[in-house]
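In listed order, ligands and their atoms are each counted from 1. Since this is a predicted model, take the numbers as computed values, not measurements.
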Amino acid sequence: MTAIVIVGAQWGDEGKGKVVDLYTESADLVVRYAGGPNAGHTLVVGNEKLIVRLIPSGILRSNARCVMAQGMVVDPGVLVSEIDAVEARGCSTEGRLFVSDRAHLILPFHPLIDTLREAAAADGVRLGTTKRGIGPCYEDKASRRGARLGDLRDMKRLAALVARSLEAWTPTLRALGGEPPALDAILDELAPLAKRITPMLADTSQLIDGALRRGERVLLEGAQGTLLDIDHGTFPFVTSSSAIAGGACVGAGVGPTRIRRVLGLAKAYCTRVGEGPFPTELGGPLGERLRTVGGEFGSVTGRPRRTGWLDLPALRYAARVNGLDGIALTKLDVLTGMPELKVCVAYDTPSGRTREFPIDELATAKPVLEPVAEWSEPLDAARSMSELPAAARQYVEMVEKETGVPVDVVSVGADRDATIVRRNAFA
Ligand code: GDP
Ligand code: IMO
Ligand code: MG
C-alpha cells in the first residue's frame, strides 16, 4: 500500500507536470485532487509538448490509470477538448480516465462572473485570477448549491440545480454589468458534454482505496502551490482550494494514514503569476533574464510570470505545512550564466530578524539576501550530482541544509529525461 503526494511548494508552476510524469513510470494510479482548469501542467517528451489543465499528468504513460477526484472543479467543455487533444496524440483515455461524480461542475456563468469581477476590482484588491470561474464555482460549493458531475446523469435534476445557482448569481451578474445567460442555452451546451463525460464517472475514493488494497502505487498530484492555498497561502491572494498536501486527503477521499511520502516541488528560483506579495521579486534585467531563459509565461493565460530569488524561509514554511519528506528542485539549468545569484535566507521585520516566513507581515518584512556562487556551464546533460559543476551542487546542498529536507530530484531541463533522480519516492 503506497500513496505519495507531489505538491507545489511555492506559488505554482514549479514543474509538477514534469515530475508527476516522471514518477508515473512507477505508478499505477495518478490522481488530481484539487483545483480545476486554472492549473496548467506541462509535459515535454522529446520535441513534443502537451499542457494538461484537468487531466492528471500521468496520462501519457499507458501503464497508469488516471483519476480526477472530488476536490476538483471541472469545466466540462475544457475536459472534453482536453480528452480530444490527448486522444489525437494516439494516447487512449478509454478505461484509463475516471472522474469523480462528486467533483463540482464549472457552469458557463462562473468564468463570466470571475472575469467581470476582476475587471471591476480596484488595484490592490484585484487578485489576478486565471478567469476560469474557479472562485465562483467553489463559492457555490461552500454555499451548498451548484451542480456536481454526477448530476450530468439526470438532465431534469441538472436543470433545477443550474437554475438555482443562476438565480443566486443573477444580482451579482447584473451589478457587474453582465447579462445572465438563458437557462435553456446552458442546458443545450451541457447536454452533448454530459454524454461524453458520464461514462467516465465513478466513485473515485472507492477506486483509489481498491488500488491501495491491491498494493498498487498511487500518486496524488497537487495543483497550484502552498502559497496559493486558501488556508495557508498569502490570503487573500490565493486560489479557492486546498493546495497543500493535506488537501490530497480531503480532495481524493484518502485517509492520512495511507500517505507514505510527500514530495514538494520547488523551482531553483521563485515565480508568481497574478497579484499578491512576492518579497524576493526582481525587477530589471536579472528578473527579465529569469523570465526569458526560464520561459516564464503562464501555461494557461500566457501572462508573463513575475520572477525572483529563491525564498528559503518560504520553502521552510512549505516544508512545515506539507510535512515534506523530500524536495524536487526544478529548473536549476535556468540559473546557468546568471551574472549574480542570491537567495533569501531570513527576513527583517519590525519585531526583529527571523528565519520564519512572516506570512502575515509581508507588507513590511524585508528579505535578507545572501550571495551564492554562480556557474556558467549548461546543466541539461547531467544525470548525476557528480556531473554538475561544483557551484550548482553547492546550491542543491544549500537547499537541503537550509530546509532540513533532502533533495530527491534535481530537474535540469524541460524534457522528462533531463533529470537527476537521487531517490525514487516509491522506493
Ligand atoms: P506546473 O504547473 O507545476 O506543472 O508547471 P508548468 O508546466 O506550469 O511550468 C513549468 C514550466 O517549466 C514548463 O514550461 C515546463 O516545461 C518547464 N520545466 C519544468 N522543469 C524544467 C527544468 O528543469 N528546466 C527547464 N528549463 N524547464 C523546466
Ligand atoms: P498550476 O497547477 C500558478 C493563481 C492565479 C491567481 C490566483 C487565483 O499550474 O501550478 P484562480 O484562477 O485560481 O482563482 O486564481 O492563483 N493560480 C496559479 N498560479 N499556477 C497555477 O496552477 C495556478 N492556479 C491559480 O494566477 O494569482
Ligand atoms: Mg502550471
Side-chain angles (χ1 to χ4, degrees), residues 6-22 32-45 48-54 56-57 72-73 75 106 110-111 113-115 117-118 126-139 221-230 233-241 243 264-278 290 292-303 305-306 328-336 378-380 382 409-420:
I6 291 190
V7 67
Q10 296 162 328
W11 280 285
D13 302 327
E14 300 92 346
K16 294 176 291 291
K18 173 182 162 163
V19 175
V20 168
D21 170 56
L22 184 80
R32 262 282 301 269
Y33 57 82
N38 48 348
H41 297 178
T42 312
L43 311 171
V44 179
V45 187
E48 296 223 29
K49 177 168 150 180
L50 174 70
I51 298 173
V52 284
R53 294 166 56 191
L54 288 168
S57 300
M72 291 187 73
V73 288
D75 185 321
I106 298 181
H110 289 145
I113 295 157
D114 197 356
T115 304
R117 276 205 305 218
E118 284 286 285
R126 188 180 310 112
L127 300 175
T129 74
T130 59
K131 302 180 184 164
R132 293 313 191 263
I134 306 300
C137 185
Y138 278 115
E139 284 169 57
E221 172 183 6
Q224 289 74 55
T226 303
L227 298 171
L228 291 172
D229 179 272
I230 180 105
T234 52
F235 191 88
F237 299 96
V238 294
T239 189
S240 302
S241 59
L265 272 272
K267 269 181 205 175
Y269 48 97
C270 282
T271 63
R272 174 164 206 168
V273 61
E275 305 298 322
F278 181 2
L290 284 176
T292 314
V293 179
E296 297 297 354
F297 296 88
S299 353
V300 174
T301 55
R303 290 179 290 177
R305 293 176 183 148
R306 301 155 67 192
L329 192 68
T330 61
K331 304 191 90 159
L332 190 62
D333 55 299
V334 175
L335 298 183
T336 288
L379 309 185
D380 56 325
V409 173
V410 182
S411 175
V412 290
D415 189 83
R416 57 159 70 142
D417 289 339
T419 318
I420 300 169

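- The two residues Gly294 and Tyr269 make their nearest non-hydrogen contact at CA-OH, 3.8 Å.
- With values rounded to the nearest 0.5 angstrom, Asp75 atom CG is found 7.0 Å from Leu54 atom CG.
- Distances below 4.0 Å separate heavy atoms of Trp11 from the following atoms of ligand 2: 3 (C), 19 (N).
- Judged purely by atom type and a 3.5 angstrom limit, Glu118 uses its side chain to pair as donor or acceptor with the backbone of Gly128.
- Using a 4.0 Å cut-off between heavy atoms, Phe237 makes no contact with ligand 2 at all.
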Original post:
Do Arg132 and Thr130 pass the side-chain hydrogen bond (donor to acceptor under 3.5 Å, both in side chains) test, and can you show the C-alpha distance, the side-chain angles, and the key distance before you say yes or no?
Top reply: CA-CA 5 Å; Arg132 293 313 191 263; Thr130 59; 5.3 Å; no

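- When the heavy-atom distances from atom 16 (O) of ligand 1 to Val300, Thr42, Asp415, Leu332 are ranked, the shortest goes to Thr42.
- The two residues Ala243 and Asp229 make their nearest non-hydrogen contact at N-OD2, 2.7 Å.
- Every atom of ligand 1 with a heavy atom of Ser411 under 4.0 Å away is listed here by number and element: 20 (N), 21 (C), 22 (C), 23 (O).
- Set against the non-hydrogen atoms of Arg305, the atoms of ligand 1 under 4.0 Å away are 8 (O), 9 (O).
- Side-chain atoms of Thr271 never come within 3.5 Å of backbone atoms of Arg306 as a donor-acceptor pair (strictly under, hydrogens ignored).
- For ligand 1, the atoms closer than 4.0 angstrom to any heavy atom of His41 are 1 (P), 2 (O), 4 (O), 7 (O).
- Here the side chains of Asn38 and Thr129 are not in contact, with every heavy-atom distance at 4.5 Å or above.
- Distances from the Mg ion (ligand 3) under 2.8 Å pick out these protein N/O/S atoms: Asp13 OD1, Gly40 O.
- Under 4.0 angstrom from ligand 2, the non-hydrogen atoms of His41 all belong to its side chain.
- For ligand 2, the atoms lying closer than 4.0 Å to a non-hydrogen atom of Gly128 are 5 (C), 6 (C), 26 (O), 27 (O).
- For atom 15 (O) of ligand 2, the closest non-hydrogen atom on the protein side is Thr129 CA, 3.3 Å.
- Of the heavy atoms in Lys18, only side-chain atoms (C-beta onward) come closer than 4.0 Å to ligand 1.
- Counting only distance, with no hydrogens or angles, the side chain of Gln10 and the backbone of Lys267 share a donor-acceptor pair below 3.5 Å.
- The shortest N or O to N or O distance between Arg303 and ligand 2 is under 3.5 Å.
- Interatomic distance, Arg272 CZ to Leu227 CG, rounded to the nearest 0.5 Å: 7.5 Å.
- Using 4.0 Å as the threshold, Thr301 has no heavy atom nearer than that to any atom of ligand 2.
- Side chains of Glu296 and Leu290 form no contact here, defined as non-hydrogen atoms less than 4.5 Å apart.
- A distance of 9.5 Å separates CG in Asp415 from CG in Asp21, rounded to the nearest 0.5 Å.
- Ligand 1 has no atom lying under 4.0 Å from any heavy atom of Gly12.
- Against a heavy-atom cut-off of under 4.0 Å, Val44 is close to the following atoms of ligand 1: 16 (O).
- Each of the atoms 4 (O) of ligand 1 lies under 4.0 Å from some heavy atom of Gly17.
- Distance from atom 20 (N) of ligand 2 to its nearest protein heavy atom, with residue and atom name: Asp13 OD1, 3.1 Å.
- Ion pairing between a basic and an acidic side chain is recognised when a charged N comes within 4.0 Å of a carboxylate O; Asp13 and Arg305 show such pairing.
- Between atom CD of residue Glu14 and atom CD of residue Gln224 there is a gap of 9.5 Å, rounded to the nearest 0.5 Å.
- For ligand 2, the polar-atom distance check finds an N/O of Gly40 within less than 3.5 Å of one of the ligand's N/O atoms.
- If you run side chain to side chain contact (heavy atoms under 4.5 Å, CB included) between Ser57 and each of Ile6, Val52, Val19, Leu50, only Val52 comes through.
- For the residue pair Lys18/Thr330, the side-chain donor-acceptor check at 3.5 Å is not satisfied.
- Taking a cut-off of under 4.0 Å to the non-hydrogen atoms of Gly15, the atoms of ligand 1 that pass are 1 (P), 3 (O), 4 (O), 5 (O).
- The protein non-hydrogen atom at the shortest distance from atom 22 (O) of ligand 2 is Gln224 NE2, 3.4 Å.
- In terms of protein heavy-atom proximity, atom 8 (C) of ligand 2 is nearest to Val238 O, 3.5 Å.
- Between Gly294 and ligand 1, no pair of N/O atoms sits closer than 3.5 Å.
- The SG atom of Cys137 lies 10.5 Å from the CG atom of Asp114; values are rounded to the nearest 0.5 Å.
- Using a non-hydrogen distance threshold of 4.0 Å, Gly413 registers as a contact of ligand 1.
- Applying the 4.0 Å criterion to heavy atoms of Val334 picks out, from ligand 1, the atoms 26 (N).
- Below 4.0 Å from some heavy atom of Ala39 lie the following atoms of ligand 2, by number and element: 1 (P), 2 (O), 9 (O), 22 (O).
- Of all the atoms in ligand 1, the ones that sit under 4.0 Å from a non-hydrogen atom of Lys16 are 1 (P), 2 (O), 3 (O), 4 (O).
- Contact between Gly40 and ligand 1 is present, with at least one heavy atom of the residue lying under 4.0 Å from the ligand.
- Close approach of ligand 2 to Ala223 is summarised as follows: ligand atoms under 4.0 Å from at least one heavy atom of the residue are 2 (O).
- In this structure, the side chains of Trp11 and Thr234 come closer than 4.5 Å at one or more pairs of heavy atoms.
- The shortest side-chain heavy-atom distance between Pro111 and Ile106 falls under the 4.5 Å cut-off.
- Using a 4.0 Å cut-off between heavy atoms, Leu127 contacts ligand 2 through its backbone alone, with no side-chain atom that close.
- Neither the backbone nor the side chain of Glu221 comes within 4.0 Å of ligand 2, counting heavy atoms alone.
- Formation of a donor-acceptor pair under 3.5 Å by the Arg416 side chain with backbone atoms of Leu43 is not found in this model.
- Proximity of Val273 to ligand 2, defined as any heavy-atom pair under 4.0 Å, is shared by backbone and side chain alike.
- In this structure, the separation between OG on Ser411 and CG on Leu22 is 8.5 Å, given to the nearest 0.5 Å.
- Proximity of Arg132 to ligand 2, defined as any heavy-atom pair under 4.0 Å, is not found for any part of the residue.
- Taking each heavy atom of Gly17 and His41 in turn, the nearest pair found is CA-CB, 3.8 Å.
- For atom 13 (O) of ligand 2, the nearest non-hydrogen atom from the set Leu227, Thr130, Thr271, Thr239 comes from Thr239.
- In terms of protein heavy-atom proximity, atom 24 (N) of ligand 1 is closest to Asp333 OD1, 2.8 Å.
- Under a 4.0 angstrom heavy-atom cut-off, Lys16 registers as being in contact with ligand 2.
- Of all protein heavy atoms, the one lying nearest to atom 17 (N) of ligand 2 is Leu228 CD1, 3.7 Å.
- No donor-acceptor pair under 3.5 Å is formed between the side chain of Tyr33 and the backbone N or O of Ala223.
- Within the 4.0 Å heavy-atom criterion, neither part of Asp114 lies near ligand 2.
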